[in-house]
Amino acid sequence: MKARTGVLIFLVFLVVLGSSRQQLPSARAIGVADVIEQTIYWGTDVNNPITAHPGDTNIVLSIVLANIGDDIARNVTATMFFHPPVDYSYVSNGVITSASSWTKLAGDMNAASTFTLTYTVSVEPNAIPGVYHYALQIAFKSARELQQITKTVLVDVPITQGELHIQSTVTDPLKMFPDSYDNTVTVTIANSGNGLAKDVQVYLELKPPFEVASSGSDQIFLGNLPAGQATPVNFHVDVMPNATFGQYEVPLSEVVGNQHIPIGQVPLYVSEKARFKVLNINPETLHPGDSGVVVTVQVENMGTALAQSVRAQLLVGNDITGTLSDFLSDIPPGQNKTAIFTLTIDTNMPIGSYSIGLRFDWTQDNNQYALNHTDLITLNMQGGGYTTYAPLAVGAVAVVFVGYFVTKKVLAKRAASKAATAAQTSKPPPK
């Protein structure tokens, strides 16, 4: 009986003990703040970041802090430590001073909140593209613990270039020829990077046989080019007269500060066009006062392209007039034709040798392209022609005519005198 009573008392004790444990309140942990660097980007818009390039100045670097703890973080500060190629400088009393660190205040941060710090910095012009690591020291206090927490993390700062590439190239007119001017070369440039390409300026590095058509037409400012977008750029190009036909590669670069960063090669093709050679000029010597002189110029097509509807024209001054152009029709490669001009030379044209332009106008590729080229030919002006001897001839003719009439008149007087004498001799003596 006593044993049974003892067992019952022991069971009651266990029940009471178990129920008392369930009613005890659980211990609650003390809240802790934890501030970290969540993200870093260039610019001020996390949804549209920009890229930093060598030579950029006053560019904003944004760092997002996040409190991932469950308590308020008090007096949050972040100190960024700088070293090349990213520099921080400030102006004090008119003097620019470089600093190795910059502390920013974020204040109190609630749990699960974020705060963005911005640093305005510059990138050295000789910076090599890549990802650089910079120390960021974060300091704060937990609201409950009230003890200073300081930790240093490394943040990745990218310096990039080369996001731009050439998407396509087209020329207007479609074909470019030697000795052609103001050809439009349209290059479509695409931004294949992940961020905004800021203040884009591109330069077409023209070399012979290409020349810039006008000042500044080889360097274009595009402004900002968002990631994934493309834009056409128009350059204006001349082709030198001595250009040989074929494919050329012209470098296109991005201007960053004083540097030219290669983007790619712009393919330009120079097409073959007819080339004319003067074989013979007859006569080469003219005289002041000549009128209606026929001058022939024999020309040959030295190129490999058919010249269609060819017209030759003498480019002369006011001293030479007449028929100054001739239509030669088509001139196939390797064949020649003769242009005929009828010239009148002013009597006051000075003696000497004159370089005169001989312009050829023609079409190619089934009259799709109107082309021209001007050669120089030499015409000599010498005395002894019409101006020198014509007046003497006129004078001689006049002398002959005057002499003829004077002689005729003298002979007539002599005949009349003889007749009168004979009449007096034949009269009978007076009675």
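Note that the coordinates shown come from a computational prediction; the quantities given were computed from them, not determined experimentally.
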| request: Could you please spell out the steps behind the side chain to side chain contact (heavy atoms under 4.5 Å, CB included) verdict for V270 and T244? | output: CA-CA 7 Å; V270 177; T244 56; over 6 Å; no
| message | side chain to side chain contact (heavy atoms under 4.5 Å, CB included), that's the test. Do I345 and V293 meet it? Break it down for me. | response | CA-CA 9 Å; I345 313 301; V293 178; 5.8 Å; no
| said: Assess the residue pair I377 and E284 against the criterion (side chain to side chain contact (heavy atoms under 4.5 Å, CB included)); give the C-alpha distance rounded to whole Å, side-chain angles, the decisive distance to 0.1 Å, and a yes or no. | reply: CA-CA 9 Å; I377 63 173; E284 293 183 334; over 6 Å; no
| task | Decide salt bridge (Lys or Arg N to Asp or Glu O under 4.0 Å) for K151 and D34; before the verdict, give the C-alpha distance in whole Å, the side-chain angles of both, and the deciding distance to 0.1 Å. | result | CA-CA 10 Å; K151 59 181 178 179; D34 188 9; 2.7 Å; yes
| field | Residue pair T378, S353: steps toward the side-chain hydrogen bond (donor to acceptor under 3.5 Å, both in side chains) verdict | value | CA-CA 7 Å; T378 300; S353 295; over 6 Å; no
| said: Checking D290 against L343 for the side chain to side chain contact (heavy atoms under 4.5 Å, CB included) test, could you report, in this order, the C-alpha distance in whole Å, the side-chain angles of both residues, the deciding distance, and whether it holds? | reply: CA-CA 8 Å; D290 282 347; L343 306 182; over 6 Å; no
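With N366 contributing its side chain and Q368 its backbone, the two residues share no donor-acceptor pair below 3.5 Å. Side-chain atoms of K337 come within 3.5 Å of backbone N or O of D330 as a donor-acceptor pair. Listed for the N301 side chain is no donor-acceptor partner under 3.5 Å among the backbone atoms of G334. With hydrogens and angles disregarded, a donor-acceptor distance shorter than 3.5 Å links the side chain of N191 to the backbone of L225. For the pair N183 (side chain) and M176 (backbone), a donor-acceptor distance under 3.5 Å is absent. Put simply, the side chain of Q364 gets close to the backbone of A274: a donor and an acceptor are under 3.5 Å apart. A donor-acceptor pair under 3.5 Å is formed between the side chain of Q308 and the backbone N or O of N367. A donor-acceptor distance shorter than 3.5 angstrom exists from the side chain of N67 to the backbone of M109, with no hydrogens or angles considered. In this structure, the side chain of S142 engages the main chain of A33 through a donor-acceptor pair within 3.5 Å.
To the nearest 0.5 Å, atom CG of residue D319 and atom CG of residue N348 are 8.0 Å apart. A distance of 10.5 Å separates OG1 of T231 from CD of Q167, quoted to the nearest 0.5 Å. For the atom pair OG of S100 and CG of D87, the computed distance is 11.0 Å after rounding to the nearest 0.5 Å.
Closest approach of I40 to E37, counting heavy atoms only: N-OE2, 3.7 Å. For I263 against L164, the heavy-atom pair with the smallest separation is CG2-O, 3.4 Å. When all heavy atoms are compared, the tightest approach of I138 to F140 is CG2-CD2, 4.0 Å. Minimum interatomic distance between A312 and L358 (heavy atoms only, all atoms of both residues): CB-CD1, 4.3 Å. H373 approaches D375 most closely through the heavy-atom pair NE2-OD1, 3.0 Å. Heavy-atom minimum distance, P178 versus P241: CB-O, 3.7 Å.
Counting only residues at least two apart or on different chains, the ring pair (Phe, Tyr, Trp, His ring centres under 6.0 Å) pairs with a member in residues 338-370 are F177-Y369, F276-F360, F276-W362. For residues 204-232, every residue pair satisfying the ring pair (Phe, Tyr, Trp, His ring centres under 6.0 Å) rule, not counting sequence neighbours, is listed here: F210-Y248. Applying the salt bridge (charged side-chain N to carboxylate O under 4.0 Å, His left out) test to pairs two or more places apart or on separate chains, those with a residue in residues 91-120 are R74-D108.
A side chain to side chain contact (heavy atoms under 4.5 Å, CB included) with T321 is found for one member of T344, D346, T342, V316 and no other, namely T344.
In this structure, I220 and N234 have side chains that are not in contact, with every pair of non-hydrogen atoms separated by 4.5 Å or more. Between Y41 and T116 the shortest side-chain heavy-atom distance falls below 4.5 Å. Using a 4.5 Å heavy-atom cutoff, the side chains of I166 and V187 are in contact. Side chains of Y88 and S101 form no contact here, defined as non-hydrogen atoms less than 4.5 Å apart.
Residues satisfying the salt bridge (charged side-chain N to carboxylate O under 4.0 Å, His left out) criterion with D365, sequence neighbours excluded, are K175. Partners of N224 under the side chain to side chain contact (heavy atoms under 4.5 Å, CB included) rule, at least two apart in sequence or in another chain, are L196, K198, D199. Shown here are the salt bridge (charged side-chain N to carboxylate O under 4.0 Å, His left out) partners of D56, two or more places apart in sequence or in another chain: there are none. In this structure, the ring-ring contact (aromatic ring centres under 6.0 Å, His included) partners of Y203, at least two apart in sequence or on a different chain, are H260. Remark: A213 engages D182, S217, H236, D238 in a side chain to side chain contact (heavy atoms under 4.5 Å, CB included) (not counting sequence neighbours). Q137 is linked by a side chain to side chain contact (heavy atoms under 4.5 Å, CB included) to T79, F81, T150, T152, counting only residues two or more places apart in sequence or in another chain. Residues meeting the ring-ring contact (aromatic ring centres under 6.0 Å, His included) test with Y132, sequence neighbours left out: none. Taking the side chain to side chain contact (heavy atoms under 4.5 Å, CB included) definition, one finds that E249 meets it with Q247, Q265, P267, sequence neighbours left out. Residues that satisfy the salt bridge (charged side-chain N to carboxylate O under 4.0 Å, His left out) test with D326, not counting sequence neighbours, are absent from this structure.
Side-chain N/O atoms of T338 and T296 include no donor and acceptor closer than 3.5 Å. Between the side chains of N58 and T120, no donor-acceptor pair of N or O atoms lies under 3.5 Å.
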